[in-house]
A.B. asks: 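The structure follows.
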Amino acid sequence: MNQNLLIVDDEREILSWLEELFRYEFEQELGVYTASSALEAVKLLAKVRYDVVLTDIKMPGMDGITLFRHIKDNWPRCKTVFLTGYGNFEDVYQIIQHDDVKYVLKSENDDVIIEAVRQFLIQSRMELEAEQNRKEQENRLEEARYWIRRELMNRLCIGEEIPQNLDERMKAVEVPLTCDKPVLAFLLRLEQDWKDAGEAQTRLVREAALVRILQSNMPPKLKFYVHNLENNQSLLLVQPWNGEQDWQLISVIVQGAIEYVQEQFRNLYHDTLSAVAAPEPVMLT
């Protein structure tokens, strides 16, 4: 990913010097942009993603501190290097508490200024890579949980022998149900059939939408799990959090939530969702 630097200074000579410094003496490829005021910088920030802003502190109108606060409010990944002509300890005190800030005097040589920007560019790249790695790991873990969860629920549905620590296993793979209490079951079916790869992906999206819409319509006192079956069918299992036993009321509540889901599926996906409720609650084991 290309990285960008925004240089902000109201003194034209300094702005030209810094632009040439990073265009011609900086060893890595870098998009270099300039602004002669903080207000001009704000406009550029709204158009281009910047990894580092190198800015003067004392400028007419909006100063560098105000610009920095605007940056942190809107682009938290962006780092800021403050460049000033003198040591102003009040300014330093305002910004030194931030990890994404460096402070360099204009009297420093070119290498010091370049190094401050280089360190932030490296830090920015490493943070992004670390976040990408973390998300990839989370995705792999979620995929593993999905298949373990699916296998576990398949075994429950067909009545296979289940280990004694079932509750712990269900909790580990994020199934919110409790195995020693009954559940109310609903068989759901999406009427459209998907066969090719693209349509299969669409089905996954709609299955995720089914869970999301149910979450927005189910009261907090009920917990549920959707187990996807073959032939566009899903098994909705519902259980009260507090051990409530008024299953007739629970059935009415869930059927009302399903009606909202059916309406939204018709409007969003032009698809029909049918539902059949089990006559009585059942035990998972």
Side-chain angles (χ1 to χ4, degrees), residues 1-12 14-59 61-142:
M1 182 183 71
N2 292 332
Q3 293 184 291
N4 296 318
L5 168 69
L6 175 60
I7 305 169
V8 189
D9 202 300
D10 63 304
E11 298 182 49
R12 294 287 182 180
I14 294 177
L15 195 62
S16 297
W17 157 57
L18 292 171
E19 182 180 11
E20 291 183 6
L21 183 66
F22 283 95
R23 283 192 186 280
Y24 305 113
E25 298 187 34
F26 198 66
E27 72 278 6
Q28 76 180 64
E29 184 177 349
L30 183 68
V32 179
Y33 300 77
T34 62
S36 58
S37 69
L39 290 174
E40 185 182 348
V42 169
K43 293 179 182 179
L44 289 174
L45 282 159
K47 297 177 181 179
V48 178
R49 174 195 55 77
Y50 295 98
D51 301 277
V52 178
V53 173
L54 173 62
T55 182
D56 193 5
I57 290 184
K58 295 296 184 182
M59 294 181 290
M62 181 187 289
D63 62 11
I65 299 294
T66 306
L67 174 61
F68 166 73
R69 289 174 179 151
H70 177 77
I71 291 170
K72 299 314 292 180
D73 285 344
N74 295 280
W75 300 278
R77 286 189 179 278
C78 185
K79 319 293 184 187
T80 303
V81 178
F82 283 107
L83 193 63
T84 187
Y86 52 90
N88 188 318
F89 291 102
E90 182 180 350
D91 290 335
V92 173
Y93 179 77
Q94 291 187 63
I95 63 176
I96 200 66
Q97 58 185 318
H98 294 276
D99 294 333
D100 294 340
V101 168
K102 293 185 185 294
Y103 182 89
V104 181
L105 295 174
K106 291 181 180 178
S107 58
E108 302 276 11
N109 60 44
D110 293 356
D111 291 342
V112 175
I113 298 172
I114 286 176
E115 185 59 26
V117 173
R118 179 191 290 111
Q119 287 179 7
F120 265 163
L121 291 171
I122 294 172
Q123 180 181 334
S124 179
R125 188 182 301 111
M126 291 178 65
E127 288 173 353
L128 185 59
E129 291 174 355
E131 183 173 339
Q132 289 173 340
N133 291 337
R134 183 171 62 254
K135 286 183 177 179
E136 289 175 2
Q137 184 177 20
E138 288 174 355
N139 289 339
R140 287 194 294 269
L141 287 173
E142 177 54 34

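The basis for the numbers below is simple: all heavy atoms, side chains too, and nothing from hydrogens, waters or symmetry mates.
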A.B. asks: Donor-acceptor pair, distance only, cut-off 3.5 Å: does the side chain of N133 make one with the backbone of E136?
C.D. replies: no

A.B. asks: Taking only residues two or more places apart in sequence or in another chain, which ones pass side-chain hydrogen bond (donor to acceptor under 3.5 Å, both in side chains) with E138?
C.D. replies: none

A.B. asks: Taking all non-hydrogen atoms of both residues, which atom of L5 and which atom of V117 are closest, and how far apart?
C.D. replies: CD1-CG1, 4.2 Å

A.B. asks: Got a sec, which residues hit salt bridge (charged side-chain N to carboxylate O under 4.0 Å, His left out) with E27, two or more places apart in sequence or on another chain?
C.D. replies: R118

A.B. asks: Quick check: closest heavy atoms across Q28 and L121, and the distance to 0.1 Å?
C.D. replies: NE2-CD1, 3.9 Å

A.B. asks: Less than 4.5 Å apart, any side-chain heavy atom of F26 and any of V32?
C.D. replies: no

A.B. asks: Should D9 and W17 count as side-chain neighbours, where that means a heavy-atom distance under 4.5 Å?
C.D. replies: no

A.B. asks: For E108 and V104, work out which heavy atoms get closest and say how close.
C.D. replies: CG-CG1, 3.8 Å

A.B. asks: Only one of E25, E20, E19 passes salt bridge (Lys or Arg N to Asp or Glu O under 4.0 Å) with R23; say which it is.
C.D. replies: E19

A.B. asks: Rounded to the nearest 0.5 Å, what's the gap from CG on L44 to CG on L39? Could you check?
C.D. replies: 11.5 Å

A.B. asks: With sequence neighbours left out, what residues match A41 under side-chain contact (heavy atoms from CB on, under 4.5 Å)?
C.D. replies: L6, V8, A35, L67

A.B. asks: Tell me, which pairs form a salt bridge (charged side-chain N to carboxylate O under 4.0 Å, His left out) where one or both residues lie in residues 71-83, sequence neighbours left out?
C.D. replies: K72-D100, R77-E131, K79-D100, K79-E127

A.B. asks: Rounded to the nearest 0.5 Å, what separation is found between the CG atom of L21 and the CD1 atom of I7?
C.D. replies: 7.5 Å

A.B. asks: Is any side-chain heavy atom of I14 closer than 4.5 Å to one of D56?
C.D. replies: no

A.B. asks: I'd like to check the side-chain hydrogen bond (donor to acceptor under 3.5 Å, both in side chains) partners of E129; sequence neighbours left out, ordered by chain and number.
C.D. replies: none

A.B. asks: Give me each pair satisfying ring-ring contact (aromatic ring centres under 6.0 Å, His included) with a member in residues 106-138, each pair once, sequence neighbours excluded.
C.D. replies: none

A.B. asks: Among all residues two or more places apart in sequence or in another chain, which pass the side-chain contact (heavy atoms from CB on, under 4.5 Å) test with S16?
C.D. replies: none

A.B. asks: Can you name the side-chain contact (heavy atoms from CB on, under 4.5 Å) partners of Q137, sequence neighbours left out?
C.D. replies: R140, L141

A.B. asks: To the nearest 0.5 Å, tell me how far I114 CD1 sits from N109 CG.
C.D. replies: 9.0 Å

A.B. asks: List the atom of G64, the atom of M59, and the distance in Å for their closest heavy-atom pair.
C.D. replies: N-CE, 3.9 Å

A.B. asks: For side chain to side chain contact (heavy atoms under 4.5 Å, CB included), just list the numbers for L45 and N74, CA-CA rounded to whole Å, side-chain angles, deciding distance to a tenth of an Å, and then say yes or no.
C.D. replies: CA-CA 9 Å; L45 282 159; N74 295 280; over 6 Å; no

A.B. asks: Mind checking side-chain hydrogen bond (donor to acceptor under 3.5 Å, both in side chains) for E40 and listing every partner two or more places apart, or none if nothing turns up?
C.D. replies: S36

A.B. asks: Looking at side-chain heavy atoms only, is the closest gap between C78 and V53 below 4.5 Å?
C.D. replies: yes

A.B. asks: Do V101 and F82 have side chains that get closer than 4.5 Å, going by heavy atoms?
C.D. replies: yes

A.B. asks: Taking side-chain contact (heavy atoms from CB on, under 4.5 Å) as the definition, give me every residue that meets it alongside N4, ordered by chain and number, with sequence neighbours left out.
C.D. replies: Y33, V48, R49, Y50, D51

A.B. asks: What residues form a ring-ring contact (aromatic ring centres under 6.0 Å, His included) with W75, not counting sequence neighbours?
C.D. replies: H70

A.B. asks: With Q119, which residues qualify under side-chain hydrogen bond (donor to acceptor under 3.5 Å, both in side chains), at least two apart?
C.D. replies: K102, E115

